[in-house]
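I have placed the structure first, in the form of C-alpha cells, so that the comments after it can refer back to it.
Proteins get letters first, then strands, A, B, ... in listed order; numbering begins at 1 in each. Computation of the quantities below employed the complete heavy-atom set of this structure, encompassing side-chain atoms and omitting hydrogens, waters and symmetry-equivalent molecules.
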There are 2 protein chains.
Amino acid sequence: MSVAKTRKDREKAEREELIITHAGRLLVRDGYQNLNLDALAEAVEYSKGTLYLHFKTKEDLVLAVATRALRERADLFERATRFKGKSRERIRAIGFACCQFALLHRDYFSIEMTLKSVSFWEKASEEQRRQHGVQSGRVFHAVNSIVQEAVLSGDLPKDVKPQDVVLSLISITIGSHIAATQPELQMLCAVENPIVAVRRNQDLIIDGWGWKPLLKDWDYTATDRRIKAEIFPEASWLKSS
Amino acid sequence: MSVAKTRKDREKAEREELIITHAGRLLVRDGYQNLNLDALAEAVEYSKGTLYLHFKTKEDLVLAVATRALRERADLFERATRFKGKSRERIRAIGFACCQFALLHRDYFSIEMTLKSVSFWEKASEEQRRQHGVQSGRVFHAVNSIVQEAVLSGDLPKDVKPQDVVLSLISITIGSHIAATQPELQMLCAVENPIVAVRRNQDLIIDGWGWKPLLKDWDYTATDRRIKAEIFPEASWLKSS
DNA sequence: GAAGAAAAATGACTCAGAGTCAAATAATGA
DNA sequence: TCATTATTTGACTCTGAGTCATTTTTCTTC
C-alpha cells in the first residue's frame, strides 16, 4: 500500500510538472490575461476539472510557474556562493548567475510582474505562497551572506548596513531588467544587449558602495573566466574578448 | 455653431476627466483585474455604453489613467530642469521631483506595471499609445538634457555615453520603487521609508558614474533646501534635519 | 414652439472564459 | 465478478467585457 501511495504521489507530481511546464509556455506566448485554462487542459490532455484538483485558481497556477523558475534562480545563486575569491569577486559570481538565469528564463520577470498586481496573492493557496517565500528567502540569503562577509572583511566600509546593500542590488537588477527589455527605452538609450546593461548597472551600484577592489582596480574579465570555468561551465554567453 | 462645438468638446473632455479620475481611484483600490466597468459606470453616473464612446477597451482606459499620471510626472520633471546650479544639483532636483511625484501618486508604478504585460498595448487605441509616448519622451528628455550638460561641463567623465547614464537612472528608480514597496523585502531589508531608499540608490548610481561633486564632497542637504524653496515650495515631506 | 432630423446616451444582450459539481469512469479489494 | 472507493470528466453556472438596436436629448427650420 505504501508503494502504491508513492507511485500515485509520483504520478501526481509528474502531472503537476507537466501542467506547470505547459502553463509556462502558454504564459510566455499569450500573457497572463490570455492564458486560457480550457486551452491548457487541451494541451496537457487532461480535463479542466483535473487542473483544478492541482491548483486552486488560475493565480495559484501562475504562482506555481513563477516559483519553479525562482527555485532555479535560487539554485544558481547558491552555486555561485561556492566560488572562492575576494568578496567582490564572489558577488560578481552572483551577477553571473543572474545572467545565466536571465538567459534560461528570458521572460521570468514579466511573469513575476503579474504577481505584484493587487489582489493576486490572496487568490493563491497558502501552500504556494509559502513555497514562493521559501525560494525568495534562498535568493536573499545567498546575496546577503556575501555582503556580510564583505563588511566583516573590510571590503565594504564598516558602517554600511548589509541590508541596504542587498536592497540596492535587488533594485538595480529588477529595474535594469525591466528597463533594458522595454523596446521604447532600448531605442532611446541605444541598448544593444540587455544583459550587458544589467551587469554595468550592477557594477555601478557596487562601485557606488565603495566595494573593493573597485572596477578600475582589478581585472574582472579574468574573474569572469574563472567563474565560468569553476562554477558555470555550461554558460556559453560569455564572450572571450 | 463654433461656440456650441467648443462647449460640447469641453463637456466631453470634462466627462473624460471624470471617468479617468474615478477609474484611477477604483484601479488603486481593486487592481486592474477587479476593475469593473459596470461599477465604474455607476460611479460616474453614466451608462457603460457611454464609457465605450470615450475608450475603445478597458486597456485603453487604463492606459489613459497611466498617461494622465505620467503627464504630471513630466510636468514636475520639467519644473525641476529649471533649477539653477551645478549639473549634479540639477539632477538631484529631478530626483526631488521623482519623490514629489511618488507622494502624489503612491500607486502609479503598480498601474504602470500592468501596462508592461503582454498584449496590453495592442488593445489600446493608437491615440492613447501616442499620448503615452509623448509623455515618456518628455520625462526622458528632462533627464537626458541634464546628463548631456554634465558630460559637456566635465562633471561626468568625457567618455561616458549619456544614454547609459539615463538608462541606469531610470533602472534604479523603477527597481527601487518596486523593491522598496514590497512588504516582504521591506521586512528583510528593514526599509523604513521607501522614498529614502530610492534616493539613496539614486545617489549610489550617480556616485558610481563619478558625477562630481560626489556625495561626500558637497553639502546636498543645502541643495535640497534650495530645491524645495526655489522649485517645489509645496513639498512638505522634506525633513529639515 | 412644433415637427422633423441628427446626435448622444442607454442598458439589455452576446460571448468568452474562470470556476463547480453531479455523473461517469477507473482502481482496489473481497 | 461485483461492490466500494478514488479519480476524472465536461456540461453547466456565473461574472464581466464589449455591442448595438432602441430611446432620449439636442439642434434646426419654419
Side-chain angles (χ1 to χ4, degrees), chain A residues 1-16 18-19 22-23 26-27 29-65 114 117-125 128, chain B residues 1-16 18-19 22-23 26-27 29-65 114 117-125 128:
Chain A
M1 193 194 102
S2 146
V3 174
K5 193 168 176 233
T6 41
R7 197 203 74 213
K8 287 238 177 127
D9 281 358
R10 207 171 51 239
E11 280 175 4
K12 190 170 179 186
E14 271 167 22
R15 185 164 61 189
E16 205 151 300
L18 181 77
I19 296 169
H22 280 264
L26 294 177
L27 209 46
R29 200 188 64 188
D30 306 331
Y32 173 75
Q33 287 286 334
N34 297 27
L35 170 62
N36 182 325
L37 293 203
D38 287 296
L40 175 61
E42 192 148 335
V44 297
E45 292 181 300
Y46 285 99
S47 72
K48 193 150 72 148
T50 304
L51 298 186
Y52 279 90
L53 293 176
H54 288 270
F55 303 99
K56 201 171 132 240
T57 60
K58 187 176 168 180
E59 285 81 2
D60 201 35
L61 168 59
V62 171
L63 184 54
V65 173
T114 62
S117 55
V118 184
S119 80
F120 184 100
W121 287 83
E122 66 202 30
K123 288 176 189 157
S125 68
Q128 278 308 336
Chain B
M1 197 192 102
S2 146
V3 175
K5 193 167 176 237
T6 41
R7 196 203 76 214
K8 285 236 177 133
D9 282 357
R10 206 171 53 240
E11 278 175 6
K12 191 171 180 187
E14 271 166 22
R15 187 164 58 190
E16 205 152 300
L18 180 77
I19 295 169
H22 279 263
L26 294 178
L27 209 45
R29 199 188 64 187
D30 306 331
Y32 174 74
Q33 288 285 336
N34 298 26
L35 170 63
N36 182 325
L37 292 202
D38 288 295
L40 175 61
E42 192 149 335
V44 297
E45 292 181 300
Y46 285 99
S47 73
K48 192 151 71 150
T50 303
L51 298 186
Y52 278 90
L53 294 176
H54 288 269
F55 303 99
K56 200 172 133 242
T57 60
K58 189 176 167 181
E59 284 82 0
D60 202 36
L61 168 59
V62 171
L63 184 54
V65 173
T114 62
S117 57
V118 184
S119 80
F120 185 100
W121 287 83
E122 66 201 31
K123 289 176 189 156
S125 68
Q128 275 311 333

For nucleotides 17-21 of chain C, give me every protein contact, N/O to N/O, under 3.5 Å, one pair per line with atom names.
from    : atom 1 : to       : atom 2 : distance (Å)
dG17(C) : OP2    : Asn36(A) : ND2    : 3.4
dA18(C) : OP1    : Leu35(A) : O      : 2.8
dA18(C) : OP1    : Lys58(A) : NZ     : 3.2
dA18(C) : OP2    : Leu37(A) : N      : 3.0
dA18(C) : N7     : Lys48(A) : NZ     : 3.0
dG19(C) : OP2    : Tyr52(A) : OH     : 2.8
dG19(C) : OP2    : Lys58(A) : N      : 2.8
dG19(C) : O5'    : Tyr52(A) : OH     : 3.4
dG19(C) : N7     : Lys48(A) : NZ     : 2.9
dG19(C) : O6     : Lys48(A) : NZ     : 3.0

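The OH atom of Tyr46(B) sits 13 Å away from the P atom of dT25(D) (whole-angstrom rounding). Rounded to whole angstrom, the span from the CD atom of Glu16(B) across to the P atom of dA8(C) amounts to 14 Å. Atom pair Glu45(A):CD and dT9(D):C1' shows a separation of 15 Å (rounding to whole Å applied). Note: NZ (Lys12(B)) to C1' (dA7(C)) measures 12 Å, nearest angstrom. Across the protein-nucleic acid pair, Leu53(A) atom CG and dT9(D) atom C1' stand 10 Å apart, rounded to whole Å. If you measure from atom CG of Asp60(B) to atom C1' of dT19(D), you get 16 Å, rounded to the nearest angstrom.
By the 4.5 Å heavy-atom criterion applied to side chains, Ile19(A) and Glu16(A) are not counted as neighbours.
Contact check, Arg15(A) against dT8(D): a side-chain N or O comes under 4.0 Å of OP1 or OP2. Within the structure, every side-chain polar atom (N or O) of Ser47(B) is placed at least 4.0 Å from both OP1 and OP2 of dA9(C).
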Legend entry - Stepwise side chain to side chain contact (heavy atoms under 4.5 Å, CB included) test for Glu59(A) and Glu122(A): CA-CA 9 Å; Glu59(A) 285 81 2; Glu122(A) 66 202 30; over 6 Å; no
Legend entry - Leu27(B) and Thr114(B): CA distance, side-chain angles, deciding distance, side chain to side chain contact (heavy atoms under 4.5 Å, CB included) verdict: CA-CA 11 Å; Leu27(B) 209 45; Thr114(B) 62; over 6 Å; no
Inset, instruction - Check the pair Gln128(B), Phe55(B) against side chain to side chain contact (heavy atoms under 4.5 Å, CB included), reporting the backbone distance first and the verdict last. - result: CA-CA 9 Å; Gln128(B) 275 311 333; Phe55(B) 303 99; 4.1 Å; yes
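Side-chain atoms of Lys58(A) never come within 3.5 Å of backbone atoms of Lys123(A) as a donor-acceptor pair (strictly under, hydrogens ignored).
With hydrogens and angles left out, the side-chain atoms of Thr50(A) and Ser47(A) include a donor and acceptor closer than 3.5 Å.
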